[in-house]
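Reading through the structure tokens given below for one structure.
Numbering of residues begins at 1 and proceeds along the displayed sequence. Worth knowing before you read on, the calculation uses all heavy atoms, side chains too, and leaves out hydrogens, waters and symmetry mates. Order of listing sets the numbers, starting from 1, for every ligand and every atom in it.
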Amino acid sequence: MKFKKYLLLISTLFLALILLSGCGQKPLSKQNILDNDKESKTITWGVKADTKLIGLIDVKDGEEKGFEIDLAKAITKKMLGKDAKAKFVTVTSQSRIPLLKNGNIDAIIATMTITPDREKVLDFSDSYFDAGQSILVKDGSDVKKVSDLNGKTVIGVVGSNSVQNVQKYAPDAKVLQLPDYAQAMTALKSGQGDALTTDNVILAGMAVQNPGYVVQGKPFTVEPYGIGINKGQDDFKQAINKALEEVIKDGEYNKLIKKWFGDVPGFNYKEVLRYD
Ligand code: GLU
């Protein structure tokens with residue numbers, strides 16, 4: 001009997017300890033993400049997983065691969081040292097901001113354009129890539145430019161700014177929104193729309209994966225990508241900008257551009273090289 005009481009006391013104390021340690025966790029706004037990451041020697045990045053050339057899970061080894069993955073790794077090492085780790089969490093255009101706000105990820109590096117609307121809810125690093133919105137169609141399609149989409153159906157992805165932009169350039173187009181780019185491409189292939197719209201660099205990757213589909217015409221918007229960071233994390237933001245600058249200065253950035261986009265039909269990598 002005595003022993004049972006003793007056990008009960010210990011388990012109650014244990015439970016209280018767990019609860020207290022949970023309470024001890026400071027709210028995100030009171031934490032210094034840079035300090036946390038320095039301590040753990042890890043940065044947790046939100047990345048795309050269905051975007052060839054940029055962020056894609058390789059089914060052969062389950063590893064994330066692409067330009068943004070390599071850039072995130074390079075920035076992590078510049079910030080926290082050679083033995084630091086870049087951890088990757090998959091996001092979609094829709095989930096990336098909520099996951100950042102909830103503290104599931106430290107930063108978003110996921111084809112996200114710096115826009116005034118987004119700047120109201122999060123901070124951005126300096127721009128790390130210059131994309132532009134375009135359209136992907138079946139080779140031989142009579143949709144040659146964005147305005148040809150009036151009266152037709154265009155496919156886009158929820159949470160991307162492309163779905164709003166396209167309505168300015170083709171106000172009479174019907175927009176079909178899908179949860180991610182893999183599903184959007186499947187919808188285009190099954191004839192649910194006449195074109196798919198998003199950034200040229202994402203579409204170029206889809207054209208590589210899907211012979212018979214081409215990126216049509218020149219980009220009709222400017223989409224500067226930025227790394228998304230929670231507001232109030234100025235140390236973290238400054239450290240990211242400094243690391244990005246170093247990656248550009250020492251030529252690593254251009255190496256990555258050539259590695260991923262050097263040989264992609266319909267995409268001129270020379271236009272996105274960076275020199276300081
Ligand atoms: N860059 C655009 C955006 O930030 C489209 C790409 C995407 O869906 O991530 O919304």
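Contacts of Ala131 with ligand 1, taken as heavy-atom pairs under 4.0 Å, are absent altogether. The residue Gln164 has no part lying near ligand 1, judged by heavy-atom distances below 4.0 Å. By the criterion of a heavy-atom distance under 4.0 Å, the side chain of Thr198, and not its backbone, is placed next to ligand 1. Of all the heavy atoms of Ser160, the ones lying under 4.0 Å from any atom of ligand 1 are found in both the backbone and the side chain.
Set against the non-hydrogen atoms of Arg118, the atoms of ligand 1 under 4.0 Å away are 3 (C), 4 (O), 10 (O). For ligand 1, the atoms sitting less than 4.0 Å from at least one non-hydrogen atom of Ser93 are 7 (C), 8 (O), 9 (O), numbered in the order shown with element in parentheses. Applying the 4.0 Å criterion to heavy atoms of Ala110 picks out, from ligand 1, the atoms 9 (O). Those atoms of ligand 1 with a heavy atom of Met112 less than 4.0 angstrom away are 4 (O). Atoms of ligand 1 lying under 4.0 Å from any heavy atom of Ser162, numbered from 1 in the order shown and given with element: 5 (C).
The residue among Val91, Thr92, Asn161 with a heavy atom at the shortest distance from atom 10 (O) of ligand 1 is Asn161.
The closest approach between Ile202 and ligand 1 falls below 4.0 Å for a heavy atom of the residue. The closest approach between Gln133 and ligand 1 stays at or above 4.0 Å for every heavy atom of the residue.
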Let's go through Phe261 and Phe129 carefully: what are the C-alpha distance in whole Å and the side-chain angles of both, what is the deciding distance for ring-ring contact (aromatic ring centres under 6.0 Å, His included) to 0.1 Å, and is it a yes or a no? CA-CA 12 Å; Phe261 309 116; Phe129 189 83; 5.7 Å; yes
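To the nearest 0.5 angstrom, Ile135 atom CD1 is 12.5 Å from Thr198 atom OG1.
Where the criterion is an N or O separation shorter than 3.5 Å, residue side chain and backbone included, Arg96 meets it with respect to ligand 1. Residue Tyr225 places no N or O, backbone or side chain, under 3.5 Å from any N or O of ligand 1.
Using a cut-off of 4.0 Å between Lys/Arg side-chain N and Asp/Glu carboxylate O, Asp61 and Lys65 are scored as salt-bridged. A salt bridge is absent between Asp234 and Lys237: the closest approach of a Lys/Arg side-chain nitrogen to an acidic carboxylate oxygen does not fall below 4.0 angstrom. Checked for salt-bridge contact, Asp250 and Lys78 meet the test: a charged N lies under 4.0 Å from a carboxylate O. Salt-bridge annotation for Asp172 and Lys152: absent, with no side-chain N of the basic residue lying under 4.0 Å from a carboxylate O of the acidic one.
With hydrogens and angles disregarded, no donor-acceptor distance shorter than 3.5 Å links the side chain of Asn210 to the backbone of Tyr213.
Here the protein heavy atom with the shortest distance to atom 5 (C) of ligand 1 is Asp199 OD2, 3.3 Å. Protein heavy atom closest to atom 9 (O) of ligand 1, with residue, atom name and distance, is Thr111 OG1, 2.6 Å.
For the side-chain contact (heavy atoms from CB on, under 4.5 Å) criterion with Asn161, the lone passing option out of Thr221, Asp117, Thr115, Val166 is Thr115.
The aromatic rings of Tyr253 and Phe67 sit perpendicular, their planes meeting at an angle over 60°, well past the 30° parallel limit.
No donor-acceptor contact under 3.5 angstrom links the side chains of Trp45 and Asp106, judged on distance only.
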